[in-house]
Amino acid sequence: MACKIIPPGVDLHIHTTASDGSCSPWEVVQLAREAGLAALSITDHDTVDGVREILSVGVPSDMKMIAGIEISSMAPDPYVSKGSFHILGYGIDPESPVLGEALEGLRQARQSRNPKIIARLNDMGLSITLAEVESVAGGAVVGRPHMAAVMVRKKQVASVQEAFQGFLAKGAPAYVEKGRIDFKNAVSLIRAAGGLPVLAHPVTVGLTPHDLQGLLADLASQGLAGVEAYYSTHSLELTQFLIRCAESLGLLVTGGSDFHGKYKAGIHVGVGQGDLHVPFDCYANLTAALL
Ligand code: AMP
Ligand code: ZN
Ligand code: FE
Ligand code: FE
């Protein structure tokens with residue numbers, strides 16, 4: 001019987017302990033190896049510390065890595081994102097001063113946002129302090145998943161998911177807006193740092209396929225370089241639709257799991273919920289476009 005050999009895949013969307021993942025950058029590299037991947041990208045929120053950590057020691061010879069970042073942004077008019085509108089930056093220079101300054105601004109915005117979320121939780125009767133959350137985050141960029149983890153530990157909720165649904169998610173009572181960079185500025189910033197901007201997890205933008213196609217066309221005309229078609233929670237139909245959109249608009253296709261370790265239960269490096277496979281070409285085409 002003929003045996004179909006699936007070439008090694010890649011995972012271009014991974015969070016580490018530098019932001020709100022629960023595995024360190026080196027643990028993530030190890031997990032990527034164990035999953036048989038050929039390449040990975042660390043794409044933490046608002047920091048390149050995880051990327052730096054791997055680069056400072058050297059990427060293992062059996063693995064390829066592309067530097068990444070994930071920036072919270074806003075859909076340009078007239079589109080309104082119903083959920084997260086995030087821009088990934090690939091191939092950025094982690095030492096870029098202009099990028100470093102912008103990321104520092106986003107981290108400072110978190111420092112004014114985080115106490116507001118904690119105050120809302122306290123107002124709702126939950127005993128939780130910023131110190132507890134910062135201790136869980138361990139010096140990393142503090143995000144809502146760290147707050148959810150404290151709430152789980154203190155048995156205020158049964159799971160991270162429950163903490164988001166009841167309190168922390170956009171639209172829930174303890175949600176506070178975060179620092180964002182508008183789309184045009186996110187594109188300029190990523191390109192100024194030598195990288196390529198890619199729309200992350202289009203499913204979370206929450207538009208109909210028709211509107212999503214219109215949005216992608218507008219974003220492409222404003223400097224977007226690619227779209228994350230392969231994603232843990234994308235249906236096969238959505239992935240195929242996004243690949244067709246990318247082909248017609250001249251956009252690159254990328255993909256990744258959005259692994260966060262214990263903060264996103266059921267999502268694994270390389271395979272997402274079990275059925276994700278991001279072709280090596282996604283990595284190869286991205287790196288070729290950066291040359
Ligand atoms: P923050 O950077 O503090 O706004 O937190 C953003 C992170 O929270 C995302 O990257 C996800 O890891 C997580 N997140 C956002 N919404 C949800 C949700 N509804 N359920 C579980 N995790 C979520
Ligand atoms: Zn996250
Ligand atoms: Fe995201
Ligand atoms: Fe992410």
Side-chain angles (χ1 to χ4, degrees), residues 10-25 28 31-32 40-51 66-75 81-90 92 103 106-107 109-110 113-114 117 133 136-138 140-150 152 160-161 163-164 168-170 175-181 183 186 190 195 197-207 219 224 226-234 238 242 254-270 272-273 276 278 282:
V10 302
D11 191 336
L12 304 177
H13 190 156
I14 297 179
H15 295 265
T16 77
T17 44
S19 70
D20 58 1
S22 65
C23 296
S24 72
V28 153
L31 289 171
L40 86 165
S41 182
I42 290 174
T43 52
D44 279 309
H45 307 278
D46 306 349
T47 179
V48 287
D49 283 356
V51 173
I66 183 163
I69 187 74
E70 185 171 22
I71 293 174
S72 298
S73 184
M74 290 164 266
S81 172
K82 295 191 178 66
S84 305
F85 183 88
H86 292 173
I87 304 297
L88 296 156
Y90 288 114
I92 39 114
L103 297 182
L106 289 172
R107 293 193 294 265
R110 283 179 184 273
R113 175 202 198 209
N114 290 331
I117 301 178
V133 173
V136 162
V141 169
V142 176
R144 289 175 288 162
H146 300 120
M147 299 174 192
V150 172
V152 171
V160 168
Q161 202 50 40
F164 270 90
L168 301 168
K170 200 169 181 177
Y175 182 78
V176 174
E177 247 320 311
K178 69 169 152 186
R180 292 175 190 280
I181 296 181
F183 177 70
I190 289 165
V198 168
L199 178 66
H201 40 66
V203 66
T204 70
V205 182
L207 299 179
L219 299 184
L224 189 77
V227 58
E228 188 174 51
Y230 299 93
Y231 186 70
S232 291
T233 60
H234 280 182
L238 180 58
L242 291 166
T254 75
S257 64
D258 209 358
F259 177 75
H260 283 71
K262 71 173 183 185
Y263 297 121
K264 261 195 190 178
I267 304 283
H268 304 281
V269 169
Q273 294 176 316
L276 181 72
V278 184
C282 290

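Atoms within a ligand are numbered from 1 in the order they appear, just like the ligands themselves.
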Which angle, to 10 degrees, forms at the Zn ion (ligand 2) with NE2 of H260 on one side and NE2 of H45 on the other?
-> 130°

So F183 and F85, would you call those rings parallel, tilted or perpendicular, with 30° and 60° as cut-offs?
-> perpendicular

H13 NE2 to E70 OE1 via the Fe ion (ligand 4), rounded to 10°, gives 90°

For D20, the N, O or S atom at the shortest distance from the Zn ion (ligand 2) is OD2

Closest non-hydrogen contact found for T254 with V198 is OG1-CG1, 3.5 Å

Return yes when at least one N/O/S atom of H15 is nearer than 2.8 Å to the Fe ion (ligand 4), and no when none is.
-> yes

2.8 Å cut-off met by an N, O or S atom of D44 to the Zn ion (ligand 2) | no

Going by atom types only, do D258 and S232 share a side-chain donor-acceptor pair under 3.5 Å?
-> no

Which atom of H86 is nearest the Fe ion (ligand 3), counting N, O or S only? It is ND1

For the Fe ion (ligand 3), find the closest N/O/S atom belonging to H201 and write down its atom name.
-> NE2

E228 and H234: side chain donor to acceptor below 3.5 Å | no

Can you say whether the rings of H86 and H201 are parallel (under 30°), tilted (30 to 60°) or perpendicular (over 60°)?
-> perpendicular

Is it the case that H146 and D20 place a side-chain donor and acceptor less than 3.5 Å from each other?
-> no

Measure from the Fe ion (ligand 4) to every N/O/S atom of D258 and report the name of the nearest one.
-> OD1

